[in-house]
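Positions are given from 1, in the same order as the sequence printed here.
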Amino acid sequence: MEEIDRQILGLLAGDGRMSFTDLAKETGLSVSAVHQRVRRLQRRGAIRRFTVQLDHEQAGLPMTAFVSIKPIDPSAPDDAPERLSHLTAIEACHSVAGDESYILKVRVASPNELEDLLQKIRAAANVATRTTVVLSTPWEGRHPAL
């Protein structure tokens, strides 16, 4: 990937709503050249989507937890992500090395909702769970230096 494309990615990672005009000023390219590069980065999959970063507390989802899961039957198919995809409280699903198979990041409104979600996870995927509740989040959503 060219350095100028890395610069564009870094700028957009910091502000996904940055205009083509502002990107052009920051990179020294013309507006049309920036537009072409952004579209090419999208086509190549380097930019997957443009999104909003929510304040989850204001959105009514102040509780975050990480749920580690492992199959009750180790010989069962490894299809937990597919079995859990309908549960919208699961924000992310990461395949991991170690005792567990996956770590899920979940957001819910209350401890009762978390308890209900854990039951749904266990039933849907036939897994054992280990849960870590987040007390505070000093920062998240950082993008690596490109």
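Shortest non-hydrogen contact noted between Ala109 and Glu113 is N-OE1, 3.3 Å. What you find for Gly141 and Gln53 is that their closest heavy atoms are CA-NE2, 4.3 Å. Shortest non-hydrogen contact noted between Ile72 and Ala128 is CG1-N, 3.8 Å. For Arg107 against Leu61, the heavy-atom pair with the smallest separation is O-CD2, 4.1 Å. Taking all atoms of both residues into account, the shortest heavy-atom contact from His86 to Ala124 is CE1-CB, 4.1 Å. The minimum heavy-atom distance between Arg83 and Ala125, with the atom names listed, is CD-CA, 3.8 Å.
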Go through it in stages, so that I can follow the logic: the residues are Glu91 and Val106, the test is side-chain contact (heavy atoms from CB on, under 4.5 Å), and I'd like the CA-CA distance, side-chain angles, deciding distance and then a yes or no.
CA-CA 5 Å; Glu91 182 176 307; Val106 304; over 6 Å; no
The test is side-chain contact (heavy atoms from CB on, under 4.5 Å); show your working for Leu104 and Phe66 and say whether it passes.
CA-CA 6 Å; Leu104 313 173; Phe66 292 96; over 6 Å; no
Any chance you could lay out the side-chain contact (heavy atoms from CB on, under 4.5 Å) test for Tyr102 and Asp78, step after step, and finish with the verdict?
CA-CA 10 Å; Tyr102 296 93; Asp78 184 12; 2.8 Å; yes
Apply side-chain contact (heavy atoms from CB on, under 4.5 Å) to residues Gln7 and Ile4 and explain how you reach the verdict.
CA-CA 5 Å; Gln7 185 181 3; Ile4 195 72; 3.5 Å; yes
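With sequence neighbours excluded, the residues forming a ring pair (Phe, Tyr, Trp, His ring centres under 6.0 Å) with Phe20 are His35, listed by chain and number.
Using a 4.0 Å cut-off between a side-chain N of Lys or Arg and a carboxylate O of Asp or Glu, Asp5 and Arg37 qualify as a salt bridge.
Within the 4.5 Å cutoff, no side-chain heavy atoms of Leu84 are placed close to those of Lys120. Inter-residue side-chain proximity for Thr129 and Arg122 is flagged as met; some heavy-atom pair is nearer than 4.5 Å. The shortest distance between side-chain heavy atoms of Ser101 and Ser95 does not fall below 4.5 Å. By the 4.5 Å heavy-atom criterion applied to side chains, Leu11 and Thr27 are counted as neighbours.
How far CD of Glu115 is from OG of Ser110: 9.5 Å, rounded to the nearest 0.5 Å. Here the straight-line distance linking atom CG of Asp15 with atom CG of Leu23 works out to 8.5 Å at 0.5 Å rounding. Atom CD1 of residue Ile121 and atom CG of residue Asp116 lie 11.0 Å apart, to the nearest 0.5 angstrom. Considering CG of Leu118 and CZ of Arg130, their distance stands at 12.5 Å, rounded to 0.5 Å. Separating the OG1 atom in Thr64 from the CD atom in Glu57 is a distance of 9.0 Å, to the nearest 0.5 Å. Taking CG from Leu41 and CD from Gln36, the interatomic distance works out to 12.0 Å, rounded to the nearest 0.5 Å.
Gln42 and Arg39 share a side-chain donor-acceptor pair at under 3.5 Å.
The main-chain N or O of Gln58 is found under 3.5 Å from a side-chain atom of Asp55 such that the two form a donor-acceptor pair.
Applying the 6.0 Å contact sphere to CZ of Arg48 captures no more than 12 heavy atoms from other residues, nucleotides or ligands. More than 12 heavy atoms of other residues, nucleotides or ligands shown are found within 6.0 angstrom of CD on Glu140.
Taken together through direct or relayed side-chain contacts under 4.5 Å among Ile, Leu, Val, Met, Phe, Trp and Tyr, Val127 and Val96 form parts of separate hydrophobic clusters. In the hydrophobic clustering of ILVMFWY residues, with side-chain heavy atoms under 4.5 Å counting as a link, Val133 and Val67 come out together. Taken together through direct or relayed side-chain contacts under 4.5 Å among Ile, Leu, Val, Met, Phe, Trp and Tyr, Met63 and Ile103 form parts of separate hydrophobic clusters. Hydrophobic clustering (side-chain heavy atoms under 4.5 Å, transitive across Ile, Leu, Val, Met, Phe, Trp, Tyr) keeps Val134 apart from Leu117. Residue Met1 is grouped with residue Leu12 when hydrophobic side chains (ILVMFWY) are merged at heavy-atom distances under 4.5 angstrom, including chains of intermediate members.
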